[in-house]
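One-based numbering along the sequence shown. Owing to the predicted nature of the structure, the values given are computational and were not obtained by experimental measurement.
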Amino acid sequence: MIKSKLAVSLALALFAASQANSAQYTVEALPLADKGVSSFAVGISESGTVAANVSSIYNSPIDLELINFDTQVTSNPITGQVFVADPNATPPVELPTIRELLTDPDAAELGDFNSADYTLIRAIIGLRTNNVSVANFINFFNSTGTIRDDFGNFVTANIGDQLNQQFANITGYSVNDANVTLQAGFAEQNDNGITFLSNQTLLQGVGPNGEVLGRSQSSFITESHTTGQGTDTELTTDFVVNTFANRGFVNISGLITELAPIDTNFGGLSEARDMNSLNQVVGSGTVSFDETSTVGVELEFGLEQCSQIDTIPESACINSLTDVYTASSGIHSTTRGLVWQLDDSGAVTETRQLGLLFEPEVGDDTIYNTSAVAINNLGMIVGQSADFFEFDSGTRIPVSYATLFDGDQVINMTPEISEDIARFTRVLSTAVDVNDNNIAVGFRPESINGAIRNKLFVYDINDASLVSPDGFFNGSATTPTAMNNLNQIVGFGEIEASQTNRRTAGFLYDHNQGTFTNVNNLVSCDSPYNIVEANDINDQGQIAATAVVSAPLRDARGEIVLDSEGQQILTEQVIGVKLTPIAGGTPEICDLPADDVIRERQGASALWLVLGLIPFVGLRVRRKMQVKALK
């Protein structure tokens with residue numbers, strides 16, 4: 001009997017052990033749930049540090065110096081209640097103040113907001129306000145007749161923004177085990193050591209030694225301006241302004257290095273995408289500004305007027321025009337792939353511009369752009385370049401190709417494109433990554449059974465050969481995001497052949513073995529995560545990914561919301577996760593529903609949620625996993 005019990009116990013123990021090792025990867029949620037509504041992993045270093053972006057940030061600090069709690073309001077932005085002043089009533093009815101709408105005004109004035117008051121204050125700050133100086137500024141520009149009406153309207157909106165505290169909707173974090181570090185680019189602390197998170201920051205990857213790369217706005221500062229000095233109409237207004245909209249940066253051990261574009265008119269634009277062990281950072285930035293264009297002349301005139309106007313600070317005027325430039329930069333500026341060389345201290349010693357796939361004709365003032373997205377330790381760079389596609393009829397159209405930058409050579413990696421594809425899109429192929437084996441990866445549109453789908457391709461620089469694996473099935477769209485030095489490629493692809501709303505899953509493609517695997521099939525069957533994108537992979541096989549999971553609902557402070565019975569409210573959320581290989585792990589066989597050929601996890605697909613985040617996901621960069629230093 002005792003032997004029987006021991007045998008049963010041993011069998012159960014062995015069974016439990018086999019179950020524990022029956023998956024190939026463990027899944028770990030990045031500890032960012034209290035930072036914002038959604039998180040997206042974008043890169044992972046060889047040591048396992050993950051770079052991630054967080055959107056809809058919780059509990060951003062409130063700048064109390066920009067709030068007058070005695071300000072009267074015409075409505076409650078939370079409840080929608082509209083207030084009407086009536087001086088003829090008995091007693092007279094006055095508009096309520098911000099203080100009167102708060103549940104705990106004394107604590108709020110000290111910056112100690114409860115959830116209800118924090119939500120209210122954020123909503124009030126979000127309301128656009130008017131004052132005399134703003135009206136005068138708008139009238140000034142309209143009266144010149146030089147700034148077009150639509151530009152005037154745009155300036156109006158931005159001046160309204162400048163009267164409020166600015167809140168970033170996106171910022172970055174690096175995660176190393178349980179250590180979470182804010183990566184907010186050019187954000188600055190005030191005299192009290194508070195970072196108000198006013199500037200948008202988008203991380204785009206990690207360097208070979210854990211350096212964090214990305215792009216960021218300059219920090220917003222407050223500038224007071226007084227009009228009508230010494231008169232009965234004297235008015236002092238606080239303006240919240242910044243100097244540039246997007247600039248590349250690299251964070252090396254806490255030191256931020258600014259990666260400026262070649263042309264910095266109106267702040268210029270740049271972004272950092274990748275870094276190798278030779279301290280070379282690649283990305284793109286503005287290299288010239290077309291001052292002869294209609295838009296250019298108008299903006300230059302606006303700058304001249306900004307130096308003369310006295311109804312608002314010159315910085316506020318320039319800030320508004322900078323926003324106009326940023327919104328229409330593709331019309332009047334040229335962007336090229338750039339390589340920033342850093343020294344051992346992290347300082348920029350050289351900025352080099354990458355070439356085009358063709359040489360423009362003399363007198364051709366068309367804007368042609370390039371970009372760089374990845375660089376390996378051999379100096380090979382991949383990215384995009386403008387070129388022309390010529391139809392059999394002789395018609396030529398401007399297009400974009402996945403491009404290899406090899407020293408002074410600029411090489412089209414996918415020259416053979418059908419006319420049907422060229423009629424469908426101007427982006428004929430897209431580069432994503434290159435590793436130290438001189439293997440590059442990207443995707444291009446292909447016509448499959450009459451439908452256009454993006455398909456993964458692998459380009460061998462050594463012999464200029466190109467292959468395109470099928471993916472989950474022949475008609476599955478497959479988009480790679482990164483590759484390691486083992487020629488393992490990650491990305492996301494369609495997992496079902498329906499006509500609309502095809503679900504996606506993260507994939508792992510082993511180019512050496514030719515195997516294409518749904519990442520969800522590499523984790524345990526009871527995993528609560530549905531992995532919709534695999535975003536990066538290091539040489540240890542660790543994967544940074546994006547998943548959908550059922551998680552507690554949180555309020556604007558990031559605190560968990562409870563229902564009337566004190567229970568957590570669960571909602572489907574998009575989060576960043578880290579996958580780590582299990583030594584000796586094997587795939588676990590999961591039970592399948594009789595009517596489903598796709599393996600489902602407990603965290604079922606929420607495609608509607610992912611689609612709702614497309615504007616942000618569209619910003620998500622596709623970068624290479626940093627390669628090991630050459631020995």
Q: Give the minimum heavy-atom separation between Gln540 and Glu46, together with the two atoms involved.
A: NE2-OE1, 2.9 Å
Q.
Quiz question: by atom type and distance under 3.5 Å, do the side chains of Ser277 and Asn377 form a donor-acceptor pair?
A. yes
(Q) I'd like to know whether Leu342 forms a side chain to side chain contact (heavy atoms under 4.5 Å, CB included) with Ile252, so could you lay out the CA-CA distance, the side-chain angles of the two residues, the decisive distance to 0.1 Å, and finally the verdict. (A) CA-CA 11 Å; Leu342 311 182; Ile252 304 175; 4.0 Å; yes
Q. How far does CZ of Phe249 sit from CD of Glu211, to the nearest 0.5 angstrom?
A. 12.5 Å
Q. How far apart are the C-alpha atoms of Glu350 and Arg352, what are their side-chain angles, what is the distance that settles it, and do they pass the salt bridge (Lys or Arg N to Asp or Glu O under 4.0 Å) test?
A. CA-CA 6 Å; Glu350 178 188 11; Arg352 178 166 59 93; 5.1 Å; no
Q | From Thr222 atom OG1 to Gln165 atom CD, the distance as rounded to the nearest 0.5 Å | A | 8.0 Å
Q: May I ask you to test the Leu356-Thr370 pair for a side-chain heavy-atom distance under 4.5 Å?
A: yes
Q: Ignoring hydrogens and angles, tell me if any N or O in the side chain of Ser60 forms a donor-acceptor pair with the backbone of Phe167 under 3.5 Å.
A: no
Q: Answer yes if the side chains of Ser216 and Asn199 hold a donor-acceptor pair under 3.5 Å, and no otherwise.
A: yes
Q. Roughly how far apart are Leu338 CG and Gln353 CD, rounded to 0.5 Å?
A. 6.5 Å
Q. Distance-only, no hydrogens or angles: does the Thr478 side chain make a donor-acceptor pair with backbone N or O of Leu456 under 3.5 Å?
A. yes
Q. Is the backbone N or O of Val399 less than 3.5 Å from a side-chain atom of Asp387, with the two atoms forming a donor-acceptor pair by type?
A. no
Q: Output yes when a side-chain donor or acceptor of Tyr25 lies under 3.5 Å from a complementary backbone atom of Val519, and no otherwise.
A: no
**Q.** Heavy-atom side-chain contact between Ser38 and Gln573 under 4.5 Å
**A.** no
Q | Backbone N/O of Thr403 and side chain of Ser385: donor-acceptor pair under 3.5 Å | A | no
Q: Sequence neighbours left out, what passes side chain to side chain donor-acceptor pair (under 3.5 Å) with Glu258? Give chain and number order.
A: Arg247
Q) For Thr430 and Arg444, what are the C-alpha separation, side-chain angles and deciding distance, and is it a side chain to side chain contact (heavy atoms under 4.5 Å, CB included)? A) CA-CA 6 Å; Thr430 302; Arg444 59 179 178 174; over 6 Å; no
Q. With sequence neighbours left out, what residues match Glu223 under side chain to side chain donor-acceptor pair (under 3.5 Å)?
A. Ser315
Q: Grab the two heavy atoms, one from Val287 and one from Asp263, that are nearest each other, plus how far apart they are.
A: C-CB, 3.6 Å
**Q.** Separation between CG of Asp177 and OG1 of Thr49, rounded to the nearest 0.5 Å
**A.** 7.5 Å
**Q.** Full working for side-chain hydrogen bond (donor to acceptor under 3.5 Å, both in side chains) between Asn535 and Thr546
**A.** CA-CA 7 Å; Asn535 304 111; Thr546 300; 2.9 Å; yes
Q.
Please find the pair of heavy atoms, one from Ile381 and one from Ala372, that lie closest to each other, and give the distance.
A. CG2-CB, 3.7 Å
(Q) Before you tell me yes or no, could you show the steps for Ser218 and Thr243 under side-chain hydrogen bond (donor to acceptor under 3.5 Å, both in side chains), namely the whole-Å CA-CA distance, both residues' side-chain angles and the distance that decides it to 0.1 Å? (A) CA-CA 6 Å; Ser218 61; Thr243 55; 3.3 Å; yes
Q. Would you say Asn251's side chain and Val212's backbone share a donor-acceptor pair under 3.5 angstrom?
A. no
Q | Side chain proximity check, Ile575 to Leu30, heavy atoms < 4.5 angstrom | A | no
Q. Does Asn169 reach the side chain of Ser56, with side-chain heavy atoms less than 4.5 Å apart?
A. yes
(Q) Restricting to non-hydrogen atoms, name the atom on Ser55 and the atom on Phe40 that form the minimum distance, rounded to 0.1 Å. (A) OG-CE1, 3.9 Å
Q.
Counting only heavy atoms not in Asp343 (residues, nucleotides, ligands), do more than 12 fall under 6.0 Å from its CG?
A. yes
Q) Is the closest side-chain heavy-atom distance between Thr481 and Phe507 below 4.5 Å? A) no
Q: For Glu65, look at atom CD and say whether over 12 heavy atoms of other residues, nucleotides or ligands are found less than 6.0 Å away.
A: no
Q.
Can a donor-acceptor pair be found, under 3.5 Å and without considering hydrogens, that links the side chain of Asp238 to the backbone of Leu66?
A. no
Q. Is there side-chain contact between Asn246 and Glu271, with at least one heavy-atom pair below 4.5 Å?
A. no
(Q) To the closest 0.5 Å, what do you measure between OG1 (Thr479) and CD (Glu533)? (A) 8.5 Å
Q: Could you pull out the closest heavy-atom pair between Asn242 and Ser219, with the gap in Å?
A: CB-O, 3.5 Å
Q: Starting at CD1 of Ile170, measure out to CD1 of Ile57 and round the result to the nearest 0.5 Å.
A: 8.0 Å
Q) Is a donor on one side and an acceptor on the other found under 3.5 Å between the side chain of Ser371 and the backbone of Gly383? A) no
Q) If we only count heavy atoms from C-beta on, is the Thr334 to Ile367 side-chain gap below 4.5 Å? A) yes
Q.
I want to check something: taking the side chain as every heavy atom from C-beta on, are Arg557 and Asn59 in contact at a cut-off of under 4.5 Å?
A. yes
Q: Please answer whether the main-chain N or O of Gly346 pairs with a side-chain N or O of Thr257 as donor and acceptor at a distance below 3.5 Å.
A: yes
Q.
Before you tell me yes or no, could you show the steps for Ile62 and Arg122 under side chain to side chain contact (heavy atoms under 4.5 Å, CB included), namely the whole-Å CA-CA distance, both residues' side-chain angles and the distance that decides it to 0.1 Å?
A. CA-CA 8 Å; Ile62 303 294; Arg122 281 293 302 264; 3.8 Å; yes
Q) Quick one: side chain to side chain donor-acceptor pair (under 3.5 Å) partners of Ser429, sequence neighbours excluded? A) Thr414
Q: Search all heavy atoms of Gly210 against all heavy atoms of Ser45 and return the closest pair with its distance.
A: CA-CB, 4.4 Å
Q: Would you sort out whether Val441 and Phe457 count as a side chain to side chain contact (heavy atoms under 4.5 Å, CB included), showing the intermediate values?
A: CA-CA 6 Å; Val441 64; Phe457 72 79; over 6 Å; no
